[in-house]
Amino acid sequence: TGLGDERTWRFDGDGFPTSRTQDGQGLTFKYDGDRRLASVTGAWGTLEVERDSRGVIAAGITPAKQRGTYLRHGLG
(Lines give C-alpha, C1' and ligand atoms only; values in the text may rest on other atoms or scores of the structure.)
Protein backbone atom coordinates (compact mmCIF):
# COMPACT_ATOMS: atom_id res chain seq x y z
CA THR A 1 0.00 0.00 0.00
CA GLY A 2 1.04 3.63 -0.18
CA LEU A 3 1.57 3.50 -3.95
CA GLY A 4 -1.54 5.50 -4.71
CA ASP A 5 -3.67 2.40 -5.17
CA GLU A 6 -5.14 -0.41 -3.13
CA ARG A 7 -2.58 -3.15 -3.78
CA THR A 8 -1.37 -5.15 -0.80
CA TRP A 9 1.78 -7.24 -1.18
CA ARG A 10 3.00 -10.01 1.15
CA PHE A 11 6.61 -11.23 1.19
CA ASP A 12 8.40 -14.22 2.68
CA GLY A 13 11.42 -13.96 4.99
CA ASP A 14 13.79 -13.73 2.01
CA GLY A 15 11.87 -10.85 0.43
CA PHE A 16 10.15 -12.85 -2.31
CA PRO A 17 6.54 -11.81 -3.01
CA THR A 18 4.10 -14.53 -1.98
CA SER A 19 0.81 -12.75 -2.69
CA ARG A 20 -0.77 -9.59 -3.98
CA THR A 21 -4.31 -8.38 -3.44
CA GLN A 22 -5.98 -5.57 -5.34
CA ASP A 23 -9.67 -4.64 -5.31
CA GLY A 24 -10.51 -7.91 -3.56
CA GLN A 25 -8.75 -10.04 -6.18
CA GLY A 26 -5.71 -12.02 -5.10
CA LEU A 27 -2.65 -13.54 -6.71
CA THR A 28 -0.42 -16.14 -5.06
CA PHE A 29 3.17 -16.74 -6.18
CA LYS A 30 4.97 -20.09 -5.71
CA TYR A 31 8.67 -20.79 -6.20
CA ASP A 32 10.71 -23.88 -6.98
CA GLY A 33 13.68 -25.20 -4.98
CA ASP A 34 15.99 -22.74 -6.71
CA ARG A 35 13.71 -19.84 -5.68
CA ARG A 36 12.54 -19.26 -9.26
CA LEU A 37 8.92 -18.42 -9.99
CA ALA A 38 7.06 -21.71 -10.55
CA SER A 39 3.40 -20.63 -10.68
CA VAL A 40 0.93 -17.80 -10.23
CA THR A 41 -2.57 -18.54 -8.93
CA GLY A 42 -5.53 -16.20 -9.28
CA ALA A 43 -9.28 -16.34 -9.78
CA TRP A 44 -8.73 -18.05 -13.17
CA GLY A 45 -6.71 -20.91 -11.61
CA THR A 46 -2.98 -21.63 -11.68
CA LEU A 47 -0.58 -20.58 -14.42
CA GLU A 48 2.43 -22.92 -14.33
CA VAL A 49 5.82 -21.59 -15.43
CA GLU A 50 7.81 -23.81 -17.79
CA ARG A 51 11.58 -23.30 -18.08
CA ASP A 52 14.13 -24.28 -20.68
CA SER A 53 17.33 -26.24 -20.02
CA ARG A 54 19.06 -23.04 -18.84
CA GLY A 55 16.30 -22.30 -16.34
CA VAL A 56 14.93 -19.36 -18.35
CA ILE A 57 11.15 -18.92 -18.55
CA ALA A 58 10.01 -20.56 -21.79
CA ALA A 59 6.22 -20.75 -21.46
CA GLY A 60 3.17 -20.42 -19.29
CA ILE A 61 0.76 -23.34 -18.98
CA THR A 62 -2.84 -22.36 -18.30
CA PRO A 63 -5.33 -24.33 -16.18
CA ALA A 64 -6.81 -25.57 -19.49
CA LYS A 65 -3.33 -26.90 -20.38
CA GLN A 66 -2.84 -24.32 -23.14
CA ARG A 67 0.82 -23.38 -23.61
CA GLY A 68 1.78 -19.76 -24.21
CA THR A 69 5.37 -19.44 -25.40
CA TYR A 70 7.52 -16.68 -23.93
CA LEU A 71 9.68 -15.07 -26.59
CA ARG A 72 12.84 -13.19 -25.74
CA HIS A 73 14.66 -10.72 -27.97
CA GLY A 74 18.11 -11.94 -29.01
CA LEU A 75 19.80 -8.94 -27.36
CA GLY A 76 18.22 -9.62 -24.02
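Listed here is the closest heavy atom pair of R72 and I57: NH1-O, 3.7 Å.
Under the 4.5 Å side-chain heavy-atom criterion for grouping Ile, Leu, Val, Met, Phe, Trp and Tyr, L27 is connected to W9 within one hydrophobic cluster. Cluster membership for V49 and L47, using ILVMFWY side-chain heavy atoms within less than 4.5 angstrom, is shared.
Inter-residue side-chain proximity for R20 and F29 is flagged as met; some heavy-atom pair is nearer than 4.5 Å. In this structure the side chain of Y31 reaches within 4.5 angstrom of the side chain of L37, judged on heavy atoms.
Remark: T28 OG1 to R10 CZ distance equals 11.5 Å, nearest 0.5 Å. Rounded to the nearest 0.5 angstrom, K30 NZ and T18 OG1 are separated by 8.0 Å.
Remark: Y70 OH is loosely packed, at most 12 non-hydrogen atoms of other residues, nucleotides or ligands lying under 6.0 Å away.
For residues 39-48, every residue pair satisfying the side-chain hydrogen bond (donor to acceptor under 3.5 Å, both in side chains) rule, not counting sequence neighbours, is listed here: T41-T46.
Shown here are the salt bridge (Lys or Arg N to Asp or Glu O under 4.0 Å) partners of D34, two or more places apart in sequence or in another chain: R36.
Formation of a donor-acceptor pair under 3.5 Å by the D23 side chain with backbone atoms of Q25 is not found in this model.
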